[in-house]
Every structure is written in structure tokens, then in C-alpha cells.
Amino acid sequence: VNIGIGGSHLGPAMVCNALRDYRVDNIKTHFVSNIDASLLDNILRDLRPETSLFVIASKSFTTAETLLNANTIRAWFEQKSGGKLNVADHFLAVSSAIDKVTEFGVVEQNIFPMWDWVGGRYSLWSAIGLPIALQCGYEKFAELLNGAAAMDQHFLETPTLSNLPAILALIGIWHSNFLGATSRAVIPYDDRLSLLPAFLQQLEMESNGKQVDSSGEAVEFDTSPVVWGGVGTDAQHAFFQQLHQGTIDVPIDFILCRKPNHEHAAHHRALMANCLAQAEALMNGTQNETDPARLMIGNHSSNMLIMDELSPFNLGALLALYEHRTMFPGAWWDINSFDQFGVELGKKLAKNIEDEIEAKNIGSHDPSTTNLLKYLLQ
């Protein structure tokens, strides 16, 4: 059970889901991130303390959501085991704050350190990837790293006109700063990549959602678009109508595997056909259509990324591709893609409001927040 949030959750959860075909026998992997206890209860309901291993992932070991979940799980563990099992034997931690972790009850030899300068959304390659190694075995985790290293090398050495991350980044800059696109959809035609849009949403929007440049001056152009998406044919029946005939133009990244991970040839044939058909329809639209309601003007942009198969190596290369595709525009716009001060304000205010709710004593707020608190405290 991985206990984390943000980059300490999204990356490992996404990769473990994507590489579920490579999981070690008899190991089930769970992820706790949200502080909504309904998620926590749903996971704990099927666990036995004697066969459970918990990984607390927090670089600073001060992340409020992670510590709340970790303390609740530790209390559950102690209560369910009746004091017969040691916390030290069932809890690991990934952190740079060794003293705080040992104070919690994790012994030092069960702490996997990480560098304090590694941003969460870029951290799955570090010890934050421990759940991946536990689920798939270290050999497969190493293959994931090797795929990323190969893409790093490609980005470092390849001239711009043949450099895949640079090309995708420049296309994105063209869409945002010249064509006025405010969002980009990521549509993997592979259920194993169902968590990829959410991972890329954090990667890009937390990195490049900035309003000042490195000198503190206001930027004069749009930076990160809204990144969103869905999976394959499910997405077609959800929001593709807007993509084809809506008034807002949305560039798309399609992601497809040439080889399936199953023996159902008809399913994979239909999956590939649907992916290619959507890209073709978005580009060409309808020709000679006399009914305005059926008219699709086409000329909608998309990228098509195809992997031979979804192996650990190829997944590593794909994720590194998107990391460099995120950093490149940040350098182009002269913004810092590695801080996230916007995340901190809400967390600071939440602590104050939580104290007020507990004390049933409302402090100084704007009229909207004050009246919402009054209603919640009735």
C-alpha cells in the first residue's frame, strides 16, 4: 500500500497500472492519496495486517494529507494486529527527512532516501518508484529506467529538427501562442494507460502554469494549456462530439500500441481502426455535406504516437519524452518549470480553516467563505 499524494502518488500509480501485466505473483498494489476516508476504508476493508506492507512516500515528511493517512493506517494496523505485530516490520518510507520518519516509527534501515531537490512530478525514477519495483520486480523497474535514459540521450544529442521532445514542444507552443489553443487532450488507446492523462496533467500544469518569468516579470503570452483526456473508445462516446463540431479547437495527442497484450485480434483491430479513424476525421472532416448539422469542417490538429508494445522500456521512453516536452517550453518562455508555489497557498489556508472547524470558531474571512463555514458548522 503506497501512501502519498501528488507526485508521490500519480507517477507510481500510473506506472503500476500500465505495467500490470508484469506484476509479481501474489502481490497486490494499492494506492492511498486522497484524504477522503471512504477511499481509505475501501482499501483497508480487504487487507490483513500480517500480509500488508505500507510505503509512506513524502520527501519532507510534512505533507499534511500523507501524514493524516499514514497515522490513520498505523492506528488501524495496531488495532487490527492487537499489538502482536511491529510497525517497524510492516512500514517503509521514502523521504529525505530521516529524523521525522524514525520518529513516526519506521526504522532507519527501512528508509529509502531521496534527494531534496527532486520535484514530486519528476520523481518516479527515484526511490518514489519503490512500489513499481515491488510490484514488477527490480529488473523490470531497471528496464523502465533504461527506456527513460535512452530518451534522455536522444533529447540531449539529436538536432532539433529530428528531436522528438523538441518537435512536440514546438508544436505545443505553436498551438498555444499562435493559434490560441487553451487546452490539449491526451487520448491513449490502451486501457493500461488510463491514468496517463492525469499524470501528464500534473506534470505540465504544475510545471508551466506560471504567470511570471525567471526575472519576476509578468509573461505576455499563455504558458501551460489545460491538459486533460480519456481512454480510447470510451472518450469517443464522451467528449469527441465537441472535438469534431464544437467551437473550441483542441489539439490532441493520440497514443497507440501496435501489438496488443492479449490474444483477441478482433478487439485490437477495432481499437487501432478507431484511433486512426478519429485522427483522419478530425483532420479531414466531411466533404460535400449539405446538412449544416452534419458538417464537420476538419482541420483539427493531432499527433499520433505509436509504440511497438507497452513494455517497461517503451513506457520509460514515453514518460521521459513528456518530461522533456514539458521542460522545453518552460525554457522557451523563460519560466521556472520546477517550482509550484501556487500549490502552497490553498494548503496553508486549509490548515487555518480546519482549526476553526474543530474549534467551531470562525475567524476572519471574506463574506462567501464566512457564510459557507457557518452553514457547514450548523
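Side chains included, hydrogens not; waters and symmetry mates left out as well; all remaining heavy atoms used. No experiment lies behind these values; they were computed from the predicted model shown.
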Audit row: Ile56, Thr66, side-chain contact (heavy atoms from CB on, under 4.5 Å) steps and yes/no: CA-CA 7 Å; Ile56 308 169; Thr66 300; 3.9 Å; yes
Test Asp339 against Lys210 for side-chain contact (heavy atoms from CB on, under 4.5 Å), laying out the working first. CA-CA 9 Å; Asp339 63 28; Lys210 308 292 168 61; 2.8 Å; yes
Give the C-alpha distance, both sets of side-chain angles, the deciding distance and a yes or no for side-chain contact (heavy atoms from CB on, under 4.5 Å) between Ile171 and Asn303. CA-CA 9 Å; Ile171 291 171; Asn303 300 312; 3.8 Å; yes
Just do the salt bridge (Lys or Arg N to Asp or Glu O under 4.0 Å) check on Lys140 and Glu143 with the steps written out, would you? CA-CA 5 Å; Lys140 297 302 178 185; Glu143 290 177 19; 3.5 Å; yes
Set out, in order, the CA-CA distance, both residues' side-chain angles and the distance that settles side-chain contact (heavy atoms from CB on, under 4.5 Å) for Cys16 and Ile132, then state yes or no. CA-CA 6 Å; Cys16 283; Ile132 305 168; 4.0 Å; yes
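Listed for the His90 side chain is a donor-acceptor partner under 3.5 Å among the backbone atoms of Ser52. Between the side chain of Glu309 and the backbone N or O of Lys259 there is no donor-acceptor pair closer than 3.5 Å. Proximity of a side-chain donor or acceptor of Gln242 to a complementary backbone N or O of Ile248 within less than 3.5 Å is detected. The backbone N or O of Gly4 lies less than 3.5 Å from no partner atom in the side chain of Ser33, so there is not a single donor-acceptor pair. Of the possible polar contacts, one joining the Asp291 side chain to the Ala293 backbone as a donor-acceptor pair under 3.5 Å is found. Between the side chain of Ser95 and the backbone N or O of Ala97, at least one donor-acceptor pair lies under 3.5 Å.
Using a 4.5 Å heavy-atom cutoff, the side chains of His365 and Ile353 are in contact. Glu323 has its side chain out of reach of Phe155: every pair of non-hydrogen atoms, C-beta onward, lies at least 4.5 Å apart. At a threshold of 4.5 Å between non-hydrogen side-chain atoms, the residues Ser301 and His175 count as touching. Contact check for Thr160 versus Leu170: side-chain heavy atoms found under the 4.5 Å cut-off. Two residues are said to be in side-chain contact when any heavy atoms from C-beta on lie closer than 4.5 Å; Asp253 and Tyr322 meet this criterion. Within the 4.5 Å cutoff, the side chain of Asn17 has heavy atoms near those of the Ser194 side chain. Under the 4.5 Å side-chain criterion, counting only non-hydrogen atoms from C-beta, Pro165 is in contact with His154. At least one side-chain heavy atom of Ser311 sits less than 4.5 Å from a side-chain heavy atom of Tyr22.
Counting heavy-atom neighbours within 6.0 Å of Lys28 NZ, excluding the residue itself, gives a total of 12 or less. Within 6.0 Å of the CD atom in Gln109, the count of heavy atoms belonging to other residues, nucleotides or ligands exceeds 12. For CD of Glu108, the number of neighbouring non-hydrogen atoms (other residues, nucleotides, ligands) closer than 6.0 Å is 12 at most. More than 12 non-hydrogen atoms from other residues, nucleotides or ligands lie less than 6.0 angstrom from CD of Glu157. Within 6.0 Å of CG on Leu161 lie no more than 12 heavy atoms contributed by other residues, nucleotides or ligands. Other residues, nucleotides and ligands contribute only 12 or fewer heavy atoms inside 6.0 Å of the CG atom of Asn299. Atom CZ of Arg23 is surrounded by 12 or fewer heavy atoms from other residues, nucleotides or ligands within 6.0 Å. Around atom CG of Leu156, more than 12 heavy atoms belonging to other residues, nucleotides or ligands sit under 6.0 Å away.
Within the model, atoms SG of Cys257 and CG of Leu193 stand 6.0 Å from one another, a figure rounded to the nearest 0.5 Å. To the nearest 0.5 Å, the span separating CG on Asn261 from CG on Asp21 amounts to 4.5 Å. A distance of 10.5 Å separates CG of Leu53 from CG of Asp89, quoted to the nearest 0.5 Å. Distance check: Met307 CE to Asn314 CG gives 6.5 Å after rounding to the nearest 0.5 Å. One distance of note links CG of Asp234 with CD1 of Ile187; it measures 10.5 Å at 0.5 Å rounding. Here the CG-CG distance, from Leu271 to Asp190, works out to 7.0 Å after rounding to the nearest 0.5 Å.
If you check the side chains of Tyr189 and Gln236, you find a donor sitting under 3.5 Å from an acceptor. Donor-acceptor pairing under 3.5 Å is recorded for the side chains of Thr63 and Ser58. Between the side chains of Trp115 and Ser126, no donor N or O sits under 3.5 Å from an acceptor N or O. Looking at Thr223 and Asn208, their side chains never bring a donor and an acceptor atom within 3.5 Å of each other. When only modelled atom types and interatomic distance are considered, Asn2 and His9 share no side-chain donor-acceptor pair under 3.5 Å. A donor-acceptor contact closer than 3.5 angstrom is absent between the side chains of Asp222 and Thr182.
Taking each heavy atom of Ile128 and Ser8 in turn, the nearest pair found is CD1-OG, 3.7 Å. Across Asn69 and Asn34, no two heavy atoms sit closer than the pair ND2-O, 3.3 Å. Heavy atoms only, all atoms of each residue included: Ala127 and Pro113 are closest at CB-O, 3.7 Å. Closest non-hydrogen pair, Arg184 versus Arg325, comes out as NH1-NH2, 3.3 Å. When every heavy atom of Ser224 is checked against every heavy atom of Trp333, the shortest pair comes out as N-CZ3, 4.1 Å. Between Pro12 and Pro131, the shortest heavy-atom contact is CB-CG, 4.2 Å.
Between Phe240 and His244, the two ring planes are tilted [angle within 30° to 60°]. Using bins of under 30°, 30° to 60° and over 60° for the plane-to-plane angle, the ring pair Trp76/Phe54 lands in the perpendicular bin.
Results of the side-chain contact (heavy atoms from CB on, under 4.5 Å) test with Leu168 over Leu321, Ile173, Thr326 single out Leu321 as the only residue that passes. The one candidate from Phe199, Trp117, Phe338 that meets the ring pair (Phe, Tyr, Trp, His ring centres under 6.0 Å) condition with Tyr122 is Phe338.
A salt bridge links Asp191 and Arg20; the closest N-O separation between the charged side-chain nitrogens and carboxylate oxygens is under 4.0 Å. The pair Glu354-Lys351 does not count as a salt bridge, with every side-chain nitrogen at least 4.0 angstrom from each carboxylate oxygen. Salt bridge annotation for Arg121-Glu204: absent, with no cationic side-chain nitrogen under 4.0 angstrom from a carboxylate oxygen.
Met304 and Met272 fall within a single hydrophobic cluster, where Ile, Leu, Val, Met, Phe, Trp and Tyr are joined by side-chain heavy atoms under 4.5 Å apart, directly or via other members. Linking ILVMFWY residues whenever their side-chain heavy atoms come closer than 4.5 Å, directly or via other members, places Leu40 and Phe104 in the same cluster. Both Leu319 and Phe254 belong to a common hydrophobic cluster when Ile, Leu, Val, Met, Phe, Trp and Tyr are linked at side-chain heavy-atom distances under 4.5 angstrom. Side-chain heavy atoms closer than 4.5 Å link hydrophobic residues (I, L, V, M, F, W, Y) into clusters, and following such links, possibly through other members, connects Leu44 to Val87. By the rule that hydrophobic residues join a cluster once side-chain heavy atoms approach within less than 4.5 Å of another member, Ile111 and Leu134 end up as members of separate clusters.
Taking the six-membered ring for Trp, Phe77 and Phe91 have ring centres closer than 6.0 Å.
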